[in-house]
2 protein chains.
Amino acid sequence: MPRLRLPRPPANGAREVPSVETIDSSYLETLLGYNARRAALSVIEVFLEAMAPYKLRPVDFSVLSLVAHNPGITSRQLCSALGILPPNLVGMLNALEKRELVSRLPHPRDGRAMGLHLTPGGEKLVRDAEKTASELEAGVAGRLSPAELKTLIKLLKKIYQPD
Amino acid sequence: MPRLRLPRPPANGAREVPSVETIDSSYLETLLGYNARRAALSVIEVFLEAMAPYKLRPVDFSVLSLVAHNPGITSRQLCSALGILPPNLVGMLNALEKRELVSRLPHPRDGRAMGLHLTPGGEKLVRDAEKTASELEAGVAGRLSPAELKTLIKLLKKIYQPD
DNA sequence: TATTGTTATACTCTATAACTATA
DNA sequence: TATAGTTATAGAGTATAACAATA
């Protein structure tokens, strides 16, 4: 019977209320969801700091980048591409429009919709922010080799893009 | 991703306000953070459904599982292991205690702390829930081979566990 | 003086119902 | 009738400050 390595072992033979020295997370670490969430939070934390100078949250960055690469994209299309709900996009777009980064133009062939476009200032901000984001990717190479990073992204895509 | 077919754009050479047919997300898909978040959300969505019969959210599952594998663990230790803040754990523990899944016992060697333990009902629930969770892992094998899953988890750990 | 658990509270994120104008 | 954008609002998740009891 192994002796317990506690600061003050119980003096009697009664059952003892246990306490924990080192936390055992080994079971949770076998689960994909646990690891994916922890990793996502970790990466997003770094991303948040890097985007602070541009005053962009991850979702703002995603919106601006999609508008940059898809000029004329509609709110609805943005929502379905990013998994956000229409009511929650309105405020973001209002803020980005107030900062004169995006503008809402009438859609050429659908009177209900608005096409989204970057202003010149928006174009420049996105260029700079995307440059910073891509440098951040390279910086991950301190932990992961380029090959590992490529593999990781490929496997992540397999998870959320069932093809 | 819905692919809405809009009326054909006018074929003139004049300056035209563009619209978007197919959304180009290729730049965002080069970023680790974007892929990690999408994958985490996708996995957690499935996990949520699987845990619904047990009335456990992912965080409840994590808490119960850690208590199961670390009987006597304190609130503070749970918080640091799971990255949650003490004030936000209180309500969860109250709810789990009310459901008679966990009990707070006085800590054997620290009068300020409470040691957390599972009730017999909690033990059974965790056993069943962990079984379901592990079966879910195997189910991912429909998209990923066991080797790919192992690689993915290894790389995710490298991201959030800098060693 | 520092730490554990706790309360109160605020802020962000996400979700639902309903309205308007156009299709 | 259905869809795009919007408003209002509710709920969940996450954050900080401060307090009592104990170390």
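In what follows, every chain begins at residue 1, and chains take the letters A, B, ... in the order their sequences are listed. Heavy-atom basis, side chains included; hydrogens, waters and symmetry copies ignored.
- With sequence neighbours excluded, the residues forming a side chain to side chain contact (heavy atoms under 4.5 Å, CB included) with B/P18 are A/P71, A/H117, listed by chain and number.
- Applying the salt bridge (charged side-chain N to carboxylate O under 4.0 Å, His left out) rule to pairs touching residues 46-60 of chain B yields B/R57-B/D60, sequence neighbours excluded.
- Evaluation of the side chain to side chain contact (heavy atoms under 4.5 Å, CB included) rule for A/I44 yields A/L48, A/P58, B/R37 as partners, not counting sequence neighbours.
- Take B/Y160 and apply the ring-ring contact (aromatic ring centres under 6.0 Å, His included) test, not counting sequence neighbours, and it matches no residue.
- Annotation: side chain to side chain contact (heavy atoms under 4.5 Å, CB included) contacts of B/V43 (sequence neighbours excluded): A/L32, A/I159.
- The ring-ring contact (aromatic ring centres under 6.0 Å, His included) analysis of residues 57-103 of chain A, with sequence neighbours excluded, yields the pairs A/F47-A/F61, A/H69-B/Y27.
- Judged by distance alone, the side chain of B/T30 and the main-chain N or O of B/S26 form no donor-acceptor pair under 3.5 Å.
- The ring-ring contact (aromatic ring centres under 6.0 Å, His included) pairs that include a residue from residues 85-112 of chain B number zero, where partners must be two or more places apart or lie in different chains.
- We find that CG of A/D110 is positioned 8 Å from C1' of D/dT3, with the value rounded to whole Å.
- Sorted by first and then second residue, the side chain to side chain donor-acceptor pair (under 3.5 Å) pairs with a member in residues 73-94 of chain B read B/T74-B/Q77, B/N94-B/R104; sequence neighbours excluded.
- For the helix from C/dT1-D/dA23 to C/dA23-D/dT1, the rotation axes defined at the first and last 5 base pairs enclose an angle of 10°, given to the nearest 10°.
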Take nucleotides 5-14 of chain D nucleotide by nucleotide from the 5' end and write B, S or -, depending on whether a protein heavy atom sits under 4.0 Å from the base, only from the sugar-phosphate, or from neither. BBBB----SB
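- A/K98 pairs by the side chain to side chain donor-acceptor pair (under 3.5 Å) definition with nothing, not counting sequence neighbours.
- Note that the first and last nucleotides of DNA chain C, 5' to 3', having any atom under 4.0 angstrom from a heavy atom of chain B are C/dT3 to C/dT14.
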